[in-house]
Amino acid sequence: MPILQSQVSLAPFNTFGIAATAKQLVKIRSIQDLKAIISIQQRSFFILGGGSNILFQQDIDALILKNEIQGIQLINESEKEVILAVGGGVNWHQFVIWCVQQNLGGIENLSLIPGTVGAAPIQNIGAYGVELKDVFEGLDAIELENGKACHFSKQACEFGYRDSIFKRQWKGKLFIHKVYFRLTKKGFHQLNTSYGAIQKVLEQQEISIQTISNAVVKIRQSKLPDPSQIGNAGSFFKNPVISKAQFQTLEKQFPNIVHYSVSNTKEKIPAGWLIEQCGWKGKRVGNTGSYKNQALVLVNHGGASGQEIFDLSTQIIASVQSKFGIQLEREVNVIT
């Protein structure tokens, strides 16, 4: 039986460094651990992975299940591809590094994204032209209410932009303990360097999964603060997608507006650009603020409460709405 800890500080377990407290916390390192806890606990549960996409506004009365299930296993292999089963508690970036070292392609553009493998499908993490769904094969989970094992195919996950079924009807009801990935072998990689920032870093370099991974790490480190140095949860807002008609109206008013075509009818506007245009980049408000190198990132300069950071995000949303008529949506999971 895993050990239940009481009155646990959550500051070390969230990258914002918010000083919330958990009434109880238990580290889950196997399915057996999980089933043992479910069988004896009748209270509500709260699942915690790497704590990198979360903002605590208050203490947590539920029992926190800290996902620490490890392991990378080869399930199937062909001439071109492999299918891997990966423990939900595996650190995401460490998994990316392992794949790059094994010359397995598909997730190199997702280098240095914080968090765990088990949390990745919930958010459908993505960066530099690649999303988790592009390599996702399925996942295994346990229903917390009854301990029932279940499997989700890619289709069943209903992936969208930073979205999935696990943020809607299954929110907080499942413990994802294993995720399956379909990755390509050397010689069959479809390398994605569509984002200009990657192309610029890779000038005069041989393009490979290793050099792409290195380029992404270099770009992210130049833009994003290290959570061990300054509390943050990476991108706080989603990049809004608006209609072509709305974009054309905005373009007349703001000719330098940055945008990316999503389809014939939709345009994506970088949230960081919108926030910067409203004067927030590098601005400090009390113990929090917008990061100096990337306006999309809200930071804890030290001692900020979850409420303080949330209030700042509300002000930013209001100012973007006022100036551009665009409603920003928080990407970070706010726990109230």
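With hydrogens and angles ignored, the 3.5 Å screen pairs a side-chain donor or acceptor of Gln199 with a backbone N or O of Thr193. With hydrogens and angles disregarded, no donor-acceptor distance shorter than 3.5 Å links the side chain of Gln5 to the backbone of Ala22. Of the possible donor and acceptor atoms, none in the side chain of Arg168 sits under 3.5 Å from a partner among the backbone N and O of Trp170. Under the 3.5 Å distance criterion, the side-chain polar atoms of Asn232 are left unmatched by any main-chain donor or acceptor of Phe16.
Exactly one of Val299, Val334, Asn300, Val332 qualifies for a side-chain contact (heavy atoms from CB on, under 4.5 Å) with Ile309. That residue is Asn300.
In plain terms, the two heavy atoms of Gly126 and Ile113 that are nearest each other are O-CD1, 4.2 Å. Here the shortest heavy-atom pairing between Pro2 and Val26 reads CB-CG2, 3.6 Å. Of all non-hydrogen atoms in Asp33 and Lys27, the two that sit nearest each other are OD2-O, 4.1 Å. Contact detail for Ile176 and Gly118: the closest heavy-atom pair is CD1-O, 3.5 Å. In terms of heavy atoms, Pro240 sits closest to Leu274 at CG-CD1, 3.7 Å. Val216 approaches Asn109 most closely through the heavy-atom pair CG1-O, 3.7 Å.
Counting non-hydrogen atoms of other residues, nucleotides and ligands closer than 6.0 Å to NZ of Lys185 gives a total above 12.
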(request) Please lay out, stage by stage, how Asp311 and Gln307 fare under the test side-chain hydrogen bond (donor to acceptor under 3.5 Å, both in side chains). (result) CA-CA 6 Å; Asp311 289 346; Gln307 187 63 50; 2.8 Å; yes
(message) Between Asp163 and Asn124, does the side-chain contact (heavy atoms from CB on, under 4.5 Å) criterion hold? Intermediate values first, please.
(response) CA-CA 6 Å; Asp163 192 33; Asn124 184 26; over 6 Å; no
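Looking at His177 and Asn67, their side chains never come closer than 4.5 Å, going by heavy atoms from C-beta outward. Here the side chains of Phe175 and Ile37 are not in contact, with every heavy-atom distance at 4.5 Å or above. Put simply, the side chain of Thr116 does not reach to within 4.5 Å of the side chain of Phe95, judged on heavy atoms. Contact annotation: the side chain of Ile198 approaches that of Ile219 to within less than 4.5 Å [non-hydrogen atoms, C-beta and beyond]. Under the 4.5 Å side-chain criterion, counting only non-hydrogen atoms from C-beta, Pro270 is in contact with Tyr260.
For Glu131, the salt bridge (charged side-chain N to carboxylate O under 4.0 Å, His left out) partners at least two apart in sequence or on another chain are Lys133, Arg162.
The salt bridge (charged side-chain N to carboxylate O under 4.0 Å, His left out) analysis of residues 254-282, with sequence neighbours excluded, yields the pairs Lys244-Glu267, Glu276-Lys281.
Using a 30° and 60° split on the angle between ring planes, Tyr128 and Tyr195 fall in the perpendicular class, above 60°. By the 30° and 60° cut-offs, the orientation of the rings of Phe56 relative to Phe46 is tilted.
Annotation: Phe166 is in aromatic contact with Phe152 [ring centroid separation under 6.0 Å].
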